[in-house]
Amino acid sequence: MTEPVAASGIAGLAWLLLALPALGAAVLLLGGKRTDRWGHLLGCATVIATFVYGAALFFTTLGQSPEARTSELHLFDWVPVNALTVEFALRLDPLSLTFVLLITGVGSLIHIYSIGYMAHEAGRRRFFAYLNLFVAAMLLLVLGNGFVTLYFGWEGVGLASYLLIGWYQHKPEAASAAKKAFLMNRVGDLGLAIAIFIMFKELGTTQYTEVFARVGELSSAEVLAITLLLLLGACGKSGQFPLQAWLPDAMAGPTPVSALIHAATMVTAGVYLIARSNPIYNLSADGRLVVMIIGAFTLLIGCVIGCAYDDFKKVLAYSTVSQIGYMILAVGLGPLGYALGIMHLLTHGFFKAGLFLGAGSVMHGMNDEGNIRRMGGLAKLMPITFVTWTLGYLALIGFPFLSGYFSKDAIIAAAFSQEGWRGWVFGGVAALGAAITAFYMTRLLLLVFLGQPRWKELKSEDGREYHPHESPLSMTVPMIVLAFGSVGAGFFFSSGDNLAGWLAPSLGELQEQHGVLGHTAVNFLTLGLSALGVLVAWLLFGRKPQPVRRPERVSFPVRAARADLYGNALNEALFARPGTWLTRALVFVDNKGVDGLVNGTAALLGGSSGRLRRLQTGFVRSYALSMLLGAICVLGALLMVRFS
Amino acid sequence: MTPTYYLLLSALLFSLGAVGVLVRRNAIVVFMCVELMLNAVNLSLVTFARINGELDGQVMAFFVMVVAAAEVVVGLAIIMAIFKTRRSASVDDSNLLKY
Amino acid sequence: MSLTLLAQPGITQQVADTVTTGEAVAFWVLGPLALAGALGMLFARNAVHSALWLVLTMLSLGVLYMVQQAPFLGFVQIIVYTGAIMMLFLFVLMLVGRDSSDSVVEVLRGQRFAATVLGIGFAGLVVGALGRALTDVTPVGLVTPNTTNGGNVANIGQLLFTDYLFPFELTSALLITAAIGAMVLAFASRAKQTRKTQRELVEERFRGERPGSLPGPGVFATANSVATPALLPDGSVARESLSEIVEPTAKERLDDDVAEVSGTGHRPDARALKGES
Amino acid sequence: MSKTAELLADDPLWLIIVKVVGIFAFLVVMTLFMINWERKVVARMQQRPGPNRVGPGGWLQSLADGLKLAFKEDIRPVLADKWVYFLAPVISCVPAFLAFAVIPIGGEVSIFGERTALQLVDLPVGVLVVLACSSVGVYGIVLSGWASGSPYPLLGALRSAAQVISYEIAMGLSIVAVVMNSASLSTADIVEAQAGGWYFYLLPVSFAIYVISMVGETNRAPFDLPEAESELVGGFHTEYSSLKFALFFLAEYINMVTVSALATTLFLGGWRFPFVGDDHLLNSGWFGLLWFVLKTLAFLFLFIWLRGTLPRLRYDQFMRLGWKFLVPIALVWFVAVAFARYVRQEIEAGGLATGTVLAVFGAVLAAVLLIAFLLPDRREERDPNAVPVTGGGFPVPPLDLAVPKAPPRRRDVEVARLPKEPAAVTTGKEAGDGDA
C-alpha cells in the first residue's frame, strides 16, 4: 500500500463527487411538488455530471505514476472528540476511483433507464431523490478515508435501500421486505460497528492509513476478531450466508433499484470492505479461510435456490447472491484474489445490471408480470431486450471471451490454485457453481424468451391482457450500453492484467497462481461444466412445452430450494424464536421481578403512608394530645436520668 | 411552708391548662387555656426569682406578659377572621388540612 | 390583708427567707381560689363563664405575685392580663356570641379520657419532680433588691434597660407587628365596602324605592323591643326593620315565620302590589 | 421607703378600720352630694330651679331617691345570665371603692394620739392600683351588658369597654410623665414631689390629656356614649333596676370622685395649699383634707360643667380623638419630657452649657418652622359634582345662589314675550340643582 499524498489539481474538487448527488437529493426532497416536472432530469443530470467528473479524475490519475495515484482530500474534522478524531476526508486511489466509475456509470445508465421505467409513477421525483441519495451515500462509502466515514456511507446506502425497497409501500410484501432488509442489515452493521470499536480501542484511530500501518501491533486473536466482524458486516450488506435472505425479498422494489443497488453496487459493498481491509486480512489466514467458506457456501446455495424459483427477478437475485459469493470467495483468497474479486465485481456490475434492466424491460412490457412461467417466446417481440439480455446471459455463464469468462473463470482458477484440500474443495465448489449457474440461466432464457408464448391465453392479475412490446429508447439505450460492457469489460480488464496493475497501489500485486490444476485445465473444466449445465437445461426446459403452473409434486431438493434451502426457517429457528423467548423471559422478569420490586416498594410506602396518613385527622386537639404525650415522654426521660 | 408550694400550684395550673386545650372545642376557650398555662409559668418564674434573690425572674415574667399580649391580639384576630368566613369558633370545624 | 402586708415591706424585711404566717394564709386562700378558677374555666360550658373563672385565677395570681415580693408585676398582671387580655377575650366572645357555648358531645373518640390521663400524668410527673428536687431549698428572698436603689420598680426598670435592653426592644417590634397583623386581619373585609357619602344617603332616601325613612322597629308591633320587627299595614313583617346587628339570623328566620303565619308560605303581602313577591 | 409609708407602717388595726370606714363614708356622701349638686348646677345652667323639695334647699333629694331605689322591685330578665347578672354591679362597685385606698387625702395628722397620714395605704406602685381598679371596674360594665341578654345593654357594654380601654392608654401615658418627674409610682411620693411646683403647669400637656381622658374613662358627658339615651336607651344598665342599678350609679359617681382625686394628687399638689411653704400653718394637720376636698370638688364641678355645656360626640369621632390625637400627643410629650429631663440633668452635672442647649433648641425650632413654611399647602381636589356645602356635611343652598324671580313656566312665557334678555342664572347650576 502506498502512502497517500494530498489531493491537488482536479482532485481538489473531489468533494463534488459527494456534493452533486447530495445536492440533487436535497433539492428534490426539499423542493417538493414544484420539482415534479423536471425532478427526474435534475436527478439524471447530477449523476451524469458526477460520472463525467469521475471519469476526468480517473484519467487524470491514470496519467500519473502508480506511486502518486493515491491521494487524500481533507475536508474538515468531523468528530474532534478528545481521543477520537475522525476527519472527513476523501481517499482517492485506484480502488475507490474504480468504484466511483462503476457507481456513477451504472448509476447514470439506470437513472436514464428509470426515466422511462418510472414514467407512470406518481412519485417519480421522490424516486430520483432517493436514487441520488443512494449514489451520494455509496460514493461516500467508497471514498471515505476511514472506517467511520465508510460506516456513515454504509448506513446511508442502507437507508436509501430501505426507502427504495419499500417504494411500493402500499404492498405489504414490499413494506415487510424493506423492514427485513433493514433489520438484517442491522445485524451486519453491528459487526462492522464492533470492529470499528475494537480498532479505536486498540489502535486509537479509525483512519485507513493509520489502522493498516499499525494493524501488525495487534494480537492474532484481535485481528481474527476484526476480520470476522468485518465479514459479518460484509455478509449483511452483500447478502451472504447466513444473512442472505433479505436480498431476494428486496426485489419487491422497482427493477432499476434492483439493478443498481441490489445487483451492481450496494451489495458489493461487502466485497469492497474486505478488499479495502486487505492489510488486515493479509494478516489472518484463519479469517480468510472463514471468508472463503462463507463465499463458497453462499455461491452454492445461491445457485441451487436460483434453479427453483419462477420469479424472474428472484432468480436474478439469487444469481446475484451466488455471484457475490464468488467475489467473497475471491477476496478470501487473499493477495491471490483481491483484484480478481474486484474485477468480477465490475464485470458483474455490467452484466447483472444489464440482466436486471432486461428483466425490467420484459416486465414493463408484460404488465409488471414477474412469473417466468407466464412468459415465453418474447424474443421476437422484444428484440433489443432479447439481444442485450442474451449477451448479459452469456457473460454470466462464462461464454468464452465475454466478461464472465475472464473474471469468473479467473476466480475458479484461483480457487483451484490453492494448496492441498482447499484447492480441490473451493475450486470444485466454484466450478460446480458455474455449472449450476449455466443451468438456471439457461432455464431463464428458455422460459422467458424462447419456447411457445404461454401468456396468450392469460390475463394479468389486474385483469389486463398481455401485450408484450419493446421498451422505449430511454430504457433500451442503457441496456445496449451495458451489453457492450458485458461483452468487452472482461477482456479489457484482464488483458495484460490491466485492472490488477491499476489496482495494485490499493490491493497489492496480484500473486502468481500455483495450484492443484493449471489455468488452462480449469478453463476447460469450467467450460465443460457450463456447457453441461446449458445442455441439461435445454433438455429439461427447451424441448417440450412448459406448464403455466409450476409442478407441485417435486423432489425434496427442489422443495428445499423453493424454500430458500430453509434459510428463513433456519433464521427463524436459530435466532428469531430464541430471541422471542428471551424477550418474553425478559419481559416477564421486568414485569414481575423488576416492576414487582419497584411497585412493591411503592405499594409498601403508599400503603403505610395511607395508614399513617390517618393520623392527620385535621383535629388540632388530636395534635395537641400527641404534643402533650411527647412532653410527658421527654419529662419522664429527664426525670429518669436525673433521679435514677 | 416553703415557696415550693407556689411551684406546685403552678404545675397544677399548667396541667389544667393543658387538659383544657385538649378538651375544650371553642377556639377562644382553648386560647384562654393557653393563657392559663402562660400564667402558671409566670407564677413559677416569680417564685424562682424569689428563691434565687434575683429580679431576673420577674423580668422574664414581664416579657412573657408582653409576648402573651401580642399573641392574644393576633390570635383573636385570626379567630375572628375564621369566624367571619366559617361562622364557627370551634377548633374541630377547621379541619380541612388533613389526610 | 395582703395589701397591707405589701404596703409594709419593713415587716418582710426581717423574715425574708421564710414564709410568714400572713403569706401562708394568703397562699392558702388564693391558691385554692386560683385552682378553683382554673377548674371552673375547664368545666364551664359557657365561654363567658370560662373567661370569668380565668379572671378569678389571674387576679389570685396577681395578688400572689404581690405576696411574693413582686408588687409591680402583680399590678401589671392585673392591668395587662385581666384589664386588657381578658377584656379582649370577652370582647371577642361577645362579638362571636352565638357560638360561645360548647356542645357536651365529644366528637373525638377517647379524647377526653386521654386528655385526663395525660393531664394527671403530667401533673404527677412535675409535682413529683418538684417535690424531690426542691425540698431543701432555702429561698434567698428579694428584700435587698426591693428596698435598695429605688425599690422593686426601679430595679426592674434598671434590669430592663441594661441587661435586657435588646429583648426589650425586640418586644417593641413584636408588639408593633402584632398590632399591624391584627389590624390587617380584622379590617380585611371591611376595607372593601366604601362608605356612602352624605349625598348618596340623601338620594337613596328621597329617590329610592321607598320614599321617606325606613320603618323603625316596633312600629305597629305588639312590643316596643328592638327585636320586634315593624309591621306593614296589612300586618306582615317589614323586612327593612330587622337589624343585622341585633339578631343575625332574624332575616333568615323571617321567611319561615312569614310562611308559618300565612299558612301557605306564598300568600301575597302588601308588597305584591309593587311587583315583588 | 417614703415618709408616709413609714408613718402608715405602724398604724394599729383600729386606725386602719377607722380609715376604711371613713373613706367609705366619704365616698358615699360625696356621691349623694354630687347627684344633688349636679342636678342643681345643671338646672341653674339651664335656667330652672332643679330639685328643691326634699330637705333644706332640696339637698336631701338624692338620699330620698336612693332610699326609694333600694325598695323598688328587683327585676331580672328571663334571658339574663343569673350569676353574672348579679355579679356585675358588685364588680363595678368594689374596685371603685378600692382605688381610693391609695389616694392621700391629707398630710400628717394625729388621730387619738396616733400619728398617721390621711391615707389608707401607700404602695410603691400606688398609681398602678388606680389603673388596675379602673381596668377591673370595666368588667362590671361589660358583664352587665352581656348578662342582661338584651341587645342595647350589650352594645352599650361593648362601647363602654372599648372606650375605657382606649382612654386608659392615654391616661396611663399622661401619668408616665408625672411618674418620671416624681421618680416614684407612690401617690404620697408624687404629692411630696410637688412641693416645688404643681405638675399641672409643669406638665401642662399631661394635665390636659389626663383631664380629657378622665372624662372618657368615667363615661361622662360629652363622652357618655355607653349610656347614650337617644341611641341605647340606658346603655349597659338598661335592664337593671332597684339596688343593682343603684350600685352602678354609685360606682359611676365614685369613679368620678376617684379620678378627680387622682387628678388632684397627680397635678394639683394633692392636699397642699399653694403659695406657702410646707411648714406653714395652712399646710399642716387637717387643713390638707380641706384643700384636697376643695380641689376635688373643682374637678367634679368641671364634670358637671362639661355635661351642661357640651353635646355628645359621635362614636367614631370619640375613638379618633382618643387614638389619633391623645395617644400620639401623649407619646410625643412623654419623649419631649424625657429629653428635657436628660438635658437638665446634663446641665446640672456641668456637661452642657445652658447657652448651647438654648441655641440647639432654637436651631431645631427654626428648622421645623422653616420646613413647615416650605411644605406646600395640600391642594383640595374639587369635585365637579359636589354640592356646595357650608359646613356640617349637609347639602344646603350655596350662598351665591341666584333665585329665579318667577316660576319657570311663567318665566318661559316672559322670555318668549321679552326676547334678548339673558337669564340671571347659569344653566350649569340649574342642572346641578335638578340632579339633587
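Naming convention: chains lettered A, B, ... in sequence-line order (proteins, then strands); numbering from 1 in each chain. Small disclaimer: the values here were computed from a predicted structure and weren't measured. Every heavy atom of this structure was used, including side-chain atoms; hydrogens, water molecules and symmetry mates were not.
Residue contact with chain C, scored on non-hydrogen atoms closer than 4.5 Å, involves the backbone and the side chain of D:V142 alike. With a threshold of 4.5 angstrom between heavy atoms, C:I78 approaches chain D through its backbone and through its side chain. Of the two parts of C:V55, only the side chain, counted from C-beta on, holds a non-hydrogen atom closer than 4.5 Å to a non-hydrogen atom of chain D. Of the two parts of D:A157, neither the backbone nor the side chain holds a non-hydrogen atom closer than 4.5 Å to a non-hydrogen atom of chain C. Residue contact with chain C, scored on non-hydrogen atoms closer than 4.5 Å, involves the backbone and the side chain of D:L128 alike. Looking at D:L185, the atoms closer than 4.5 Å to chain C (heavy atoms on both sides) all sit in the side chain, from C-beta outward.
Between the side chains of D:N255 and D:T218, no donor-acceptor pair of N or O atoms lies under 3.5 Å.
Your options are D:V136, D:L87, D:L158, D:L131, and the one with the most heavy-atom pairs under 4.5 Å with chain C is D:L158. Note on D:A162, D:S135, D:A132: by heavy-atom pairs under 4.5 Å with chain C, the leading option is D:A132.
Ring geometry for D:F24 versus D:F97: interplanar angle under 30°, hence parallel rather than tilted (30 to 60°). Ring orientation note: the planes of D:Y342 and D:F339 are tilted relative to one another, at an angle of 30° to 60°.
Side-chain contact check for C:Y81 versus C:L59: every heavy-atom pair is 4.5 Å or farther apart. In this structure, D:S182 and D:D189 have side chains that are not in contact, with every pair of non-hydrogen atoms separated by 4.5 Å or more.
Counting heavy-atom neighbours within 6.0 Å of D:W83 CH2, excluding the residue itself, gives a total of 12 or less.
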